Amino acid sequence: MAQTLPLGPDSRLYLVDGSAYIFRAFHVLDRHAGGSERFQKKDGTPTSAVFGFCNMLWKLVSDAHDAAQEEIGQPTHFAVVFDHSGESFRNALYDEYKANRSAPPEDLVPQFPLVRDATRAFGLPCLEMAGYEADDIIATHARLAEEKGAETVIVSSDKDLMQLITDRTVMFDPMKNRIIDRQAVIEKFGAGPERMIDMQALMGDSTDNVPGVPGIGPKTAAQLLEDYGSLDALLDRADEIKQKKRREMLIAHREDALLSRQLVTLDRHVPVEEAPEDLGLSPFDHAALVRFLEDEMEFNTLPKRIREAGGLEVPTTEASPAAVPIDQNGYEIIFDPKILRALMAEAEEHGIIAIDTETDNLEGMKANLCGISFSIVPGKAYYVPVGHGQTDLSLDDPEHSQQMSEATALDILKPVLLDPSILKVGQNLKYDLLILRERDIDVVGYDDTMLLSYAADCGFASLHGMDELSKRHLGHEPIPYKEIVGTGKKQKTFGDVPIKDAYIYAAEDADVTLRLHTILKSRAIESQVYTVYETMDRPLVSVITDMERAGIKVDRDRLSALSGEFAQRMAAHEAAVHDIAGERFNLASPKQIGDILFGKLGLPGGKKTKTGAWSTAADTLETLAADGAEIAQEILSHRGLAKLKGTYTDALSESIHPKTGRVHTSFSLASTTTGRLSSNDPNLQNIPIRTEDGRKIREAFIPEDGNVLISADYSQIELRLLAHIAEIGPLIEAFHQGLDIHAMTAAEVFGVPLEGMDPSIRRQAKAINFGIIYGISAFGLARNLGIGRDEASLFIKRYFERFPGIKAYMDETIEGARVHGYVETLFGRRSHTPNIKAKQPNIRMGAERQAINAPIQGSAADIVKRAMIRVPAALAAHRLSAKMLLQVHDELVVECPADQADETAAVLKDVMEGAAGPALSLSVPLVVEAGQGASWEQAH
DNA sequence: GTAATCACG
DNA sequence: GACGTACGTGATTACG
């Protein structure tokens, strides 16, 4: 129970908005987790909201909280506040207050008293008062705490409470783990907490039926208050407002605004019964809490966690991987080859081993091996150092702690790594595979936890890195890498980390990976995405490892010559700009360009970016240039060259590997929400092609002497897949006949003949086709084509009339996303769309466009992946020695001996065009165009 | 670290 | 009737 504890400057009072939380917990669990079926007692009493509520309370009061709460600090005082049933004083002010609220859901009603019981079971004060809302009680206690100099944390995300925020009072959203302080309020509403009352009075609130002033939203309200200082001043001087509509509204709804202000102003002087010192947090009775949760609520996992925390239960060692606590005492350093051999025998017996290589470089091609960690049984993990600094004096017995050589260690590990009956588990195993292949060990039989997570949870904002996965699935935060190697100047390579520190980090990685594997594998199987993992992403790891190792040759001299050329031309443009501007400034700074163009020179038509700065983006400058502003054209030319030089000619040279003379990118297999790959360090998927200068950079990508580069790319793959998926007869037919699909679209939509078609009409049709794939909007199409929105709307309308199947596909896809929470590619890859039910229209519509696009883009990605997996075997079958080097979404680049070029191109084309089969028989043909040459530019 | 910009599919 | 918008990426630079 709560204890008497004086409240002073060192105290911190948590005030939980209980009522609001019940609704949130209920909706989250019921909507997304099938709460009503999963959370109920044997007698049928629903408990989903109680469960969510208890989880939150536990997180708040135990040590299991997140980083955000860590920042706020632990509570010393605590209360949970509820709305009292019945009306509040606000109904006397306005009888329509909250009149539009519908009755709470049937399944929620019986949970109201249970949540209060739960609060008491936690030993926490439970506050409510007739005639007042929870918010008023919170406001009063926050005031009392502030008067005592204490800090207050309001656990809620309700904007009605934001008026209470001060330097010593913050809000905390436990579901999003977000701190809402003064700054956050300003970011969200454009006005500080002290203005929130006036803001709300103007905006109104449809959920509480607070009227406000019609037509005024947050943006306008913030602007008006900024200009006039306060609501009173604004209303008094309303006749000064320039915008007719707004002025009339403010005058007409003056009384509404004043009433709204009364309604939204919280009562900070409620005659509360409890003094602040009555709310002191006392150590709580784990046993009593567990009894309530188990016996009365019939929960399982939560009481188990509370038992463990309270020392009521010794965790079992044989249960689920998550149940074994992660404990560094189970980790060991291996110096003795004999022990390593013995452990490999154990791995053979278990048939599974999690491994992780530690190196001194994130770029695998440049990395030296520092050590290898592994784990065979959860909780026990080992680190074999092979490349740490000479003698590690930090060890207890440096003399007898001699690390074995890399060769010795790898020799002992090798049989296990090559044995397909022993499963090797890794997190982002591509990296380890590369390290080992560079040392002539080709791992056979592996699973990748990152890719299992990607298959199961693709599309969720959460990422698939090990730290994230561990936190999410094991509730354990691993030692951060940065903590081991340091940051900034003091950062050292892993080899310089004392073995005594390194082994714990390394062993933990293996331990965590092994545990994650069990959880993620069953998760992928249960959610029916295991096939995607098993047939596409997992086999791809090996293929991509070889591509990364192969790299692509880049002509350094060519690049540096190009760099010089660009530099010269940039200087000329820079001089011209400075001449016109009449002063020198930094052309790389958009801010300075904006100041010169729209400030000093006073050019018209300036647009603002979302942060209020002048936009100097290309389309803005192009408009200015078209209107005769020579300086805009000069800036554009300069910027184009600066981009090419900075991002490509100069940076690419840095990436040429000193030993191989080639550029080895890293492909990421789990970065995108659609199933595509991405390329980084350097990114070789965005090498210029659209401009003449840009294409000169492609000329620097070359084959070895005697070889050629072949580039093979799918023609219109996404449009073809759209035609197939949405079953659009005329489009399917057009693809079969090999027609120009954009011209054909133009003919259908604009009713013009194919013969002698105006190129600009075709261009517009092409833009529509792309727009369709992106989840078209009139706004977007209008902007892209530089036409009016009305005209764009008309185009879209005609398109949908001509191809009604497309509209139907879009509607069905969005509906499917709403029902399931994800969309699927033709091959069953899922992309989750968590925002599909968002309240904010812009967020929701964004999710809808993603839902439309992901199956198309993702199915194309699947097909390319299927092709990539088959290419090596197909080449081998034809005794061709070609190597795959790059993938650029719909294009594969390979290098082969010149005398094999034609045959290689034919094999490549065959594999790619047939990559959808046999799993799928498409209603459209896939067409691949292949070219070859002495550079990537020539091959394209 | 974030924002702006721009390279690609 | 208003929201505020094309889909998916990564690298560079300035700037606080």
Side-chain angles (χ1 to χ4, degrees), chain A residues 187 206 214-220 459 585-594 608-621 635-636 639-648 650-652 654-655 665-668 671-691 693-695 697-698 713-714 716-718 722 767-785 789 792 796 831 838-858 860-861 864 886-891:
Chain A
E187 275 159 27
S206 56
I216 296 193
K219 284 272 153 70
T220 317
F585 61 97
N586 184 358
L587 268 174
S589 166
K591 185 170 172 287
Q592 293 181 28
I593 293 179
K608 293 285 182 73
T609 65
K610 63 181 171 214
T611 55
W614 291 112
S615 164
T616 68
D619 55 346
T620 309
L621 296 184
I635 293 171
L636 279 169
R639 208 187 250 170
L641 292 165
K643 179 82 177 178
L644 294 178
K645 183 171 184 293
T647 309
Y648 300 104
D650 293 354
L652 214 46
E654 305 280 310
S655 299
T665 184
S666 172
F667 289 101
S668 168
S671 286
T672 72
T673 54
T674 55
R676 272 193 182 178
L677 306 182
S678 76
S679 155
N680 59 279
D681 298 311
N683 183 353
L684 294 185
Q685 288 181 324
N686 71 346
I687 300 302
I689 191 167
R690 293 173 189 174
T691 64
D693 282 332
R695 282 194 292 274
I697 291 165
R698 286 200 174 217
D713 68 293
Y714 286 102
Q716 313 278 14
I717 186 166
E718 292 190 357
L722 174 68
I768 297 173
N769 279 333
F770 274 101
I772 294 292
I773 290 170
Y774 296 153
I776 199 156
S777 76
F779 180 93
L781 184 63
R783 204 181 59 169
N784 191 282
L785 284 176
R789 206 190 303 190
I796 295 169
S831 178
K839 293 242 163 42
Q840 290 150 286
N842 54 330
I843 307 257
R844 186 177 61 245
M845 290 165 77
E848 290 174 358
R849 290 192 296 270
Q850 285 170 24
I852 291 168
N853 174 259
I856 304 168
Q857 190 183 110
V864 182
L886 300 177
Q887 187 252 45
V888 192
H889 309 308
D890 64 357
E891 170 190 9

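Quick caveat: nothing in here was measured; it's all calculated off a predicted structure. Chain A is the first sequence line, chain B the second, and so forth, proteins listed ahead of strands; every chain is numbered from 1.
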Problem - Residue met sooner reading DNA chain C from 5', once A/Arg789 and A/Pro590 are mapped to nucleotides - result: A/Arg789

Handout entry: base_contact_polar (C/dT5 base, A/Ser777 side chain, donor-acceptor, <3.5 Å)
Key = yes

Handout entry: Short side-chain N/O contact from A/Arg849 to OP1 or OP2 of C/dC7, under 4.0 Å
Key = yes

Exercise for the section: Describe the nucleic acid contact of A/Ser671 in one word from base, sugar-phosphate, nothing, applying a heavy-atom distance below 4.0 Å. Expected result: sugar-phosphate

Practice task
Could you check whether A/Asn683 gets within reach of a base, just the sugar-phosphate, or nothing at all, counting any heavy atom under 4.0 Å?
Solution key: sugar-phosphate

Fill in the blank from the handout: In whole angstroms, the gap separating C1' of C/dG10 from CG of A/Leu652 amounts to 14 Å

Problem - From A/Glu891 atom CD to A/Ile689 atom CD1, the distance as rounded to the nearest 0.5 Å - result: 7.0 Å

Exercise for the section: Rounded off to whole Å, could you give me the CG-to-P distance for the A/Leu636 and B/dA7 pair? Expected result: 10 Å

Exercise for the section: Starting at CD of A/Gln887, measure out to CD of A/Gln685 and round the result to the nearest 0.5 Å. Expected result: 5.5 Å

Problem - Donor-acceptor pair present, A/Arg690 side chain and B/dG9 base, under 3.5 Å - result: yes

Handout entry: Rounded distance in Å - CZ (A/Arg639) to C1' (B/dA7)
Key = 14 Å

Exercise for the section: Describe the nucleic acid contact of A/Leu781 in one word from base, sugar-phosphate, nothing, applying a heavy-atom distance below 4.0 Å. Expected result: base

Handout entry: A/Arg639 versus A/Thr616, side-chain donor and acceptor atoms under 3.5 Å
Key = yes

Completion exercise
Taken to the nearest 0.5 Å, the spacing of A/Asn853 CG from A/Glu718 CD works out to 6.5 Å

Exercise for the section: Rounded to the nearest 0.5 Å, what's the gap from CG on A/Asp713 to CD1 on A/Ile717? Could you check? Expected result: 10.0 Å

Exercise for the section: Measure distances between side-chain N and O atoms of A/Gln857 and base N and O atoms of C/dC7, and say whether any donor-acceptor pair falls under 3.5 Å. Expected result: yes

Practice task
Using whole Å, report how far CG of A/Asp619 lies from C1' of B/dT5.
Solution key: 11 Å

Practice task
Give A/Ile776 one of three labels, base, sugar-phosphate or nothing, depending on what nucleic acid heavy atoms sit under 4.0 Å from its own.
Solution key: base

Completion exercise
Between CG of A/Asn784 and P of C/dG4 the distance, given in whole Å, is 22 Å

Completion exercise
Output field dot_bracket for DNA chain C (Watson-Crick or G-U, both distances under 3.5 Å, | for other-strand pairs) contains ......|||||||||.

Practice task
With heavy atoms under 4.0 Å as the rule, sort A/Ile689 into base, sugar-phosphate or nothing.
Solution key: sugar-phosphate

Exercise for the section: Answer with base, sugar-phosphate or nothing: what part of the nucleic acid does A/Asp681 contact at a heavy-atom distance below 4.0 Å? Expected result: sugar-phosphate

Exercise for the section: Quote, to the nearest angstrom, the P distance that separates B/dA7 from C/dG4. Expected result: 29 Å

Practice task
Check every strand shown and say whether A/Ala767 touches a base, only sugar-phosphate, or nothing at a heavy-atom separation below 4.0 Å.
Solution key: base

Handout entry: Interatomic distance, A/Asn683 atom CG to A/Phe667 atom CZ [nearest 0.5 angstrom]
Key = 9.0 Å

Practice task
Starting at atom CZ of A/Arg844, determine the distance to atom C1' of C/dC3, rounded to an integer number of angstrom.
Solution key: 9 Å

Problem - Between C1' of B/dA4 and CD1 of A/Ile635, the distance in whole Å - result: 15 Å

Completion exercise
By side-chain contact (heavy atoms from CB on, under 4.5 Å), A/Lys645 pairs with (sequence neighbours left out) A/Ser563, A/Phe566, A/Ala567, A/Met570, A/Thr649, A/Asp650

Exercise for the section: Nearest whole angstrom, please: distance from the P of C/dA11 to the CG of A/Asp650. Expected result: 16 Å

Problem - Distance, C1' atom - from B/dC6 to C/dC3, rounded to whole angstrom - result: 28 Å

